[in-house]
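Worth knowing before you read on, the calculation uses all heavy atoms, side chains too, and leaves out hydrogens, waters and symmetry mates. Per chain, numbering begins at 1; letters A, B, ... match sequence-line order.
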Protein chains: 2
Amino acid sequence: MSKHRSAPTLDDVAKAAGVSTATVSRCLNNPQQVVEATRQRVLCAVDELGYTPNFAARVMAAKRSFTIGAIIPTMENAIFARGLQAFQEELHKRGYTLLVSSSAYRPEAEEEQIRTLVARGADGLLLIGHDREEQIYDYLERQKVPALVAWSFNPTNRTPSVGFDNRQAMNTLAQQVIALGHRHLATISGISKGNDRARLRITGIKDAMAENGLAPDDLFVVETTYEIENGAEAFRDLMSYAPAPTAVLCGNDVLAVGAIRQAQEMGLRVPDDVSITGFDDIELARIVSPALTTVHVPHREMGQKAALELIHMIETSASGRSVELSTRLINRESLQAATV
Amino acid sequence: MSKHRSAPTLDDVAKAAGVSTATVSRCLNNPQQVVEATRQRVLCAVDELGYTPNFAARVMAAKRSFTIGAIIPTMENAIFARGLQAFQEELHKRGYTLLVSSSAYRPEAEEEQIRTLVARGADGLLLIGHDREEQIYDYLERQKVPALVAWSFNPTNRTPSVGFDNRQAMNTLAQQVIALGHRHLATISGISKGNDRARLRITGIKDAMAENGLAPDDLFVVETTYEIENGAEAFRDLMSYAPAPTAVLCGNDVLAVGAIRQAQEMGLRVPDDVSITGFDDIELARIVSPALTTVHVPHREMGQKAALELIHMIETSASGRSVELSTRLINRESLQAATV
DNA sequence: ATGTTAAATGCAAGCGCTTACATAGGCACT
DNA sequence: AGTGCCTATGTAAGCGCTTGCATTTAACAT
């Protein structure tokens with residue numbers, strides 16, 4: 001028990017147990033390959049020395065890290081939290097570890113993070129949405145790192161996806177808004193460049209308008225980043241136009257909450273004076289008052305299925321199948337028939 | 001340009017540039033050690049081949065990973081989000097990468113994560129609060145991995161901390177509550193076992209009671225995990241006692257929001273019928289209605305200072321100095337004078 | 001020219017692990 | 001007892017990088 005001893009290695013364990021390093025390694029990774037008696041001896045030595053395998057060495061030798069990387073656009077709000085949580089729980093069950101990083105909605109940052117994660121030996125990657133440069137997919141292919149897209153569904157894409165039809169989901173909501181008599185619609189969207197979810201949601205609204213004899217180009221669109229304050233600001237801009245919209249469909253719940261607060265600040269009652277809807281159905285949607293009418297996204301299911309599919313791709317080198325999930329309209333208090 | 005070539009290595013770059021691997025390595029890590037002309041040649045080869053260094057190999061050889069690990073009790077709510085964001089931004093500026101994992105408030109999980117992070121070669125660790133088994137600190141010491149505690153401040157502890165005085169902060173709030181005439185106090189706290197922040201906050205309230213001639217033992221305490229629903233449930237329990245508390249001091253904003261919603265559900269007006277306070281001053285505190293009177297914690301400052309201090313410990317092998325930050329009372333709408 | 005010195009580069013030894021292959025017992029048969 | 005085969009274990013070759021030390025090269029003074 002010398003004081004200055006530093007971290008024990010496989011070798012130390014082997015010596016202590018009187019076996020070769022190979023046997024120790026097998027004990028730890030494929031216990032069934034080593035006979036009971038030896039295994040006991042090794043395991044004893046392991047915790048007597050307080051041995052923890054060196055991860056870098058293991059990755060290097062095995063060329064497997066049992067680590068999966070996920071790059072999400074933001075950690076600042078809870079949009080991705082629940083889905084990612086489910087993703088990681090499922091990974092954990094299967095013996096994988098999740099490494100998360102956030103790109104802050106910046107494509108270059110995302111590319112850098114992808115490279116970083118690959119360099120760190122990630123066995124697979126979870127990406128959000130399909131929109132990114134081809135070269136990134138080439139790179140991933142060359143490095144032989146399987147990738148899976150979530151929060152979006154597009155089976156024709158070269159990368160498989162586990163997600164939902166953003167266009168369709170928003171379309172259904174917009175149909176309902178229009179059915180309630182709203183004729184002047186507006187949307188507060190995320191930045192659509194590089195964000196297929198945002199873009200498709202806008203398209204969903206325009207389609208609904210066209211399908212109901214409204215001119216799609218009349219849709220007021222404000223794009224901004226997903227923060228409550230920005231939702232508020234965008235709402236203020238929107239209401240300065242004439243005729244003011246009677247319904248504001250927000251790209252997500254966070255923006256919607258900002259819009260609601262701003263409306264209240266401006267002395268407008270929601271939904272009496274103006275209807276506001278969200279998207280995602282995160283916790284916030286129920287907490288805010290009035291509670292948000294929104295589109296429920298099965299985040300947990302998506303996270304879990306994505307984990308399963310990605311692991312499958314990794315372990316069988318299969319190319320991956322896309323899976324589509326369905327969303328659901330949640331009617332709460334923030335949407336009401338147009339009064340005009 | 002063979003199709004089946006896999007990831008290029010240092011060696012490939014060296015060959016392509018007609019130098020040794022040592023030179024390539026130096027180009028990448030200590031550019032000033034290599035003459036301009038050579039450097040150009042090497043850098044060209046690097047991006048011609050699309051080379052990305054293998055992280056595991058680098059860690060192994062250099063025994064440095066420029067990676068810092070943080071284990072937080074939860075990612076589910078935003079309590080740690082802002083501080084961690086600032087922590088990571090500062091790390092990034094200094095060339096470090098952050099790896100985050102969540103222990104779900106389970107000590108064994110935390111220990112496992114600490115080992116995992118160390119095995120992955122983390123150069124340093126950020127931990128939340130001081131409460132954990134001695135053996136963990138021993139382990140860290142043996143592995144020579146510096147650790148820093150945040151969200152708590154206790155300069156006498158063996159591990160340095162960057163945080164605030166939880167007891168004092170809550171004490172100040174409780175003093176004000178009492179000064180407003182409240183005599184029947186209750187608190188909805190996080191689970192205090194293994195959570196010094198929660199415990200100290202309770203102590204802060206009791207001290208304030210004692211200092212004002214109230215019996216500390218009269219404080220109703222309900223402990224629960226930090227989720228909105230649990231805050232709601234706890235509030236219901238609390239109000240079933242007689243005499244019902246006129247002020248409920250919550251261990252954090254999340255619990256307070258749950259309490260407020262439950263109060264509203266029970267037909268109680270906040271703060272007219274019952275005052276409710278939070279702690280942390282996260283975004284939620286301003287969004288909920290009535291807006292929360294709470295204790296503002298300088299999360300960003302804490303994250304940033306922690307990063308600086310931890311890097312300092314890593315790079316100089318210094319033992320680290322604790323730094324204390326101050327909190328501030330934020331008076332919003334949820335606390336009001338007792339009406340009895 | 002030659003020696004002296006410093007700067008640039010190369011050489012090669014690991015870092016701690018996994019795993020293909022080699023080896024050695026053990027057992028069941030003949 | 002000998003043969004074959006199966007299983008448990010050992011041997012050693014890397015995995016891709018960094019870095020101390022040795023060597024070469026360049027630069028300058030004499």
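At a threshold of 4.0 angstrom between heavy atoms, the contacts of B:Val59 with the nucleic acid are absent.
Salt bridge A:Lys305/A:Glu301: present, at least one basic N to carboxylate O contact under 4.0 Å. Salt-bridge annotation for B:Arg132 and B:Glu111: absent, with no side-chain N of the basic residue lying under 4.0 Å from a carboxylate O of the acidic one.
Distance CZ/A:Arg115 to OG1/B:Thr52: 4.5 Å, rounded to 0.5 Å. Residue A:Ile311 holds its CD1 atom at 11.0 Å from CG of A:Leu148, rounded to the nearest 0.5 Å. Interatomic distance, CG of B:Asp11 versus OG of B:Ser20, reported as 10.0 Å (0.5 Å rounding). The distance from atom CG of B:Leu10 to atom NZ of B:Lys15, rounded to the nearest 0.5 Å, is 11.0 Å. Here A:Met313 contributes atom CE and A:Asp123 contributes atom CG; the two are 12.5 Å apart, rounded to the nearest 0.5 Å. Here the CZ atom belonging to B:Arg58 is positioned 10.5 Å from the CZ atom belonging to A:Arg120, to the nearest 0.5 angstrom.
Between A:Phe55 atom CZ and C:dC15 atom C1' the separation is 16 Å, expressed in whole Å. With rounding to whole Å, A:Arg120 atom CZ is found 15 Å from D:dC17 atom C1'. Atom CG of B:Leu49 and atom C1' of D:dG16 are 15 Å apart (whole Å). What separates CZ of B:Arg39 from P of C:dA8 is a distance of 10 Å, to the nearest Å. The separation between A:Asn54 atom CG and C:dG14 atom P is 18 Å, rounded to whole Å. For the pair B:Gln33 CD and C:dG10 P, the computed distance is 13 Å after rounding to whole Å. Rounded to whole angstrom, the span from the CE atom of B:Met60 across to the C1' atom of C:dC17 amounts to 6 Å. Atoms CZ (B:Arg64) and P (D:dC17) sit 19 Å apart, rounded to a whole Å.
Looking at the side chain of B:Thr38, the nearest of the listed nucleotides C:dC15, C:dA8, C:dC11 is C:dA8.
Overall, the helix from C:dA1-D:dT30 to C:dT30-D:dA1 carries an axis bend of 40° between its ends, with five pairs at each end and the value rounded to 10°.
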Query raised in the report: What one-letter contact string describes nucleotides 18-23 of chain D from 5' to 3', where B marks a base within less than 4.0 Å of any protein heavy atom, S marks contact via sugar-phosphate atoms alone, and - marks no contact?
Result: BBB---
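Applying the 4.0 Å criterion to OP1 and OP2 of D:dC15, one finds that B:Thr9 has every side-chain N and O outside that range.
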Report task. Give the C-alpha distance, both sets of side-chain angles, the deciding distance and a yes or no for salt bridge (Lys or Arg N to Asp or Glu O under 4.0 Å) between B:Glu90 and B:Arg94. Result -> CA-CA 7 Å; B:Glu90 195 60 42; B:Arg94 300 285 190 284; 3.1 Å; yes
